[in-house]
Number of protein chains: 2
Amino acid sequence: MNAIRNIPAGKPNARAKLLDAAIKLVRQNGFSATSVDQICTEAKVTKGAFFHHFASKEALGAAAAGAWTERAEQLIFTLPDWTRMHDPLDRLLTHIDFRAAMIEGSAEDFTCFVGTMVQESFASSDILRAASDASLTAYAERLAEDIEAAIDQHGIVNDIAGGDISALSLAYHVQAVLQGAFILAKAKGSPEIARDNIRHLKHYVSLLFGKEKGS
Amino acid sequence: MNAIRNIPAGKPNARAKLLDAAIKLVRQNGFSATSVDQICTEAKVTKGAFFHHFASKEALGAAAAGAWTERAEQLIFTLPDWTRMHDPLDRLLTHIDFRAAMIEGSAEDFTCFVGTMVQESFASSDILRAASDASLTAYAERLAEDIEAAIDQHGIVNDIAGGDISALSLAYHVQAVLQGAFILAKAKGSPEIARDNIRHLKHYVSLLFGKEKGS
DNA sequence: TGACGCATACCGACCAGTTGGTATGTTATC
DNA sequence: GATAACATACCAACTGGTCGGTATGCGTCA
């Protein structure tokens, strides 16, 4: 009756615990500085279990990127009430406010898992690079939907001369500012500078849409 | 007579070769994925020489951050002709163009050494964190001089409502966009997206100063 | 009903190679 | 002849990964 599917379900299994532990430790110390043993200890799981679920450390990293995508999708695009706002431009500006509000406490708690991982692995592991890219791309494409709608509804007042600003391009820019803000916050040991950067980002988007002031 | 200072000078010594090798390899694979042996091999120097010049791998990393600061200062703020432009706003906009032009080829050749290093070490080594921060801060403060002058001379037309944009804050924003652009370029395996992000950055700065079009 | 077969989940000792770092030299330079 | 600049040999700890084993659950067929 309660047997659900191929994946056991029910109580938190070793696989999920390993994914969680990996995300936590990699955000703290990076991918290669995090050992398989550390991940197992953190997850309270043995090494045998680790290699039962994942063929290699690299495979775990790729799977963790997938888990990270799902987590972000829920936390940022689905659960919050403001995602149901009617005006797509309001949604976009509130999205930016929301991302700013997430930035507080220790850097390992608000920084991006895939952003950290891809920095170290882009040249050495195409699997990890591609998995990270997929996660970043999923976020950008999802965000681009709202931007596209905002452009349709309001139009961009201050476009780049000559070229036209695409929704996807602006979505990636949001992401770039976030990633860069994380690095500065890590360097300074304080989230303040990151929030200040996002102020600039919101100001830029407001200027693009000719919206003098949001909230 | 030609003995210069505490640092031997003269021919390229082991210390300088180790610093160069470290910067190259860390940009490629990150700090902890780069071993002392690899650095020695790349620098064509033995391990004995390594630990003669540096007390530890961590100390090398900190020294490399210093070397990186000097390199950037020369390459970006001193050597190019455009740094002698009269109008500080022209200098600022050309600075941004210059940074965009630097982005081509492989990511390990245009990305930031300290940005990469601080990602992995901020939580585990305060020495590396502080050394990275010092390098990022030196860049931002130097850039803020031009921004300050540009504000004095031209004024910011489209300021953030309520708050005022400080030169240093905008300088850090430039840096954040660059760092974020590097991450996206690494993920995508192509510099294009990074350049596109810097287009947004230049557009933002242009809008702030009410300058419709640069070059 | 129960015994059988088989798959999944997990355990932990073990392995060969690599890690950062040290100890003890030898060689060049002032 | 002392001091800095290297070289070589070595080490204990740790690395990712393997491997033989066990415990448990589930479908099946008598």
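First the proteins, then the strands, lettered A, B, ... as listed; each starts at 1. The figures that follow rest on heavy atoms only: side chains count, while hydrogens, waters and symmetry mates do not.
Out of D:dA7, D:dA5, C:dC10, the shortest distance to the side chain of B:His53 is found at D:dA5. Comparing C:dG21, C:dC11, D:dG17 against the side chain of A:Ala49 picks out C:dC11 as the nearest.
In terms of modelled atom types and a separation under 3.5 Å, the side chain of A:Ser106 and the main chain of A:Asp109 share no donor-acceptor contact. Proximity of a side-chain donor or acceptor of A:Lys57 to a complementary backbone N or O of A:Thr34 within less than 3.5 Å is detected.
Taking atom CD of residue A:Gln38 and atom C1' of nucleotide D:dC14, one finds them 10 Å apart after rounding to whole Å. B:Phe51 places its CZ atom 14 Å from the C1' atom of D:dC10, with the value rounded to the nearest Å. At whole-Å resolution of the value, CZ in A:Phe54 and C1' in C:dC10 are 14 Å apart. The interatomic distance linking B:Lys47 (NZ) with C:dT22 (P) rounds to 11 Å, in whole Å. Per the geometry, CG belonging to B:Leu18 stands 14 Å off P belonging to C:dG21, to the nearest Å. D:dA5 atom C1' lies 12 Å from atom NZ of B:Lys17, rounded to whole Å. One interatomic measurement links the two molecules: CD of A:Glu58 to C1' of D:dG16, which rounds to 12 Å at whole-angstrom precision. When the C1' atom of D:dA5 is taken as reference, atom CZ of B:Phe50 falls 16 Å away, rounded to whole Å.
In terms of phosphate contacts, B:His52 brings a side-chain nitrogen or oxygen within less than 4.0 Å of OP1 or OP2 of D:dA5. Using a 4.0 Å cut-off, some side-chain N or O of B:Lys57 falls inside it from OP1 or OP2 of C:dG20.
Relative ring orientation between B:Trp82 and B:Phe98 is described as tilted, the plane-to-plane angle lying within the 30° to 60° band.
A salt bridge (Lys or Arg N to Asp or Glu O under 4.0 Å) with A:Asp20 is found for one member of A:Arg15, A:Arg71, A:Lys44 and no other, namely A:Arg71. Residue B:Arg91 forms a salt bridge (Lys or Arg N to Asp or Glu O under 4.0 Å) with just one option from B:Asp146, B:Asp97, B:Asp81, and that option is B:Asp146.
Within residues 26-37 of chain A, the residues approached by DNA chain D to less than 4.0 Å at the level of any non-hydrogen atom are A:Thr34, A:Ser35, A:Val36, in residue-number order.
Atom CD1 of A:Ile127 is surrounded by 12 or fewer heavy atoms from other residues, nucleotides or ligands within 6.0 Å.
Counting heavy atoms from C-beta outward, B:Val177 and A:His200 have side chains that stay 4.5 Å or more apart.
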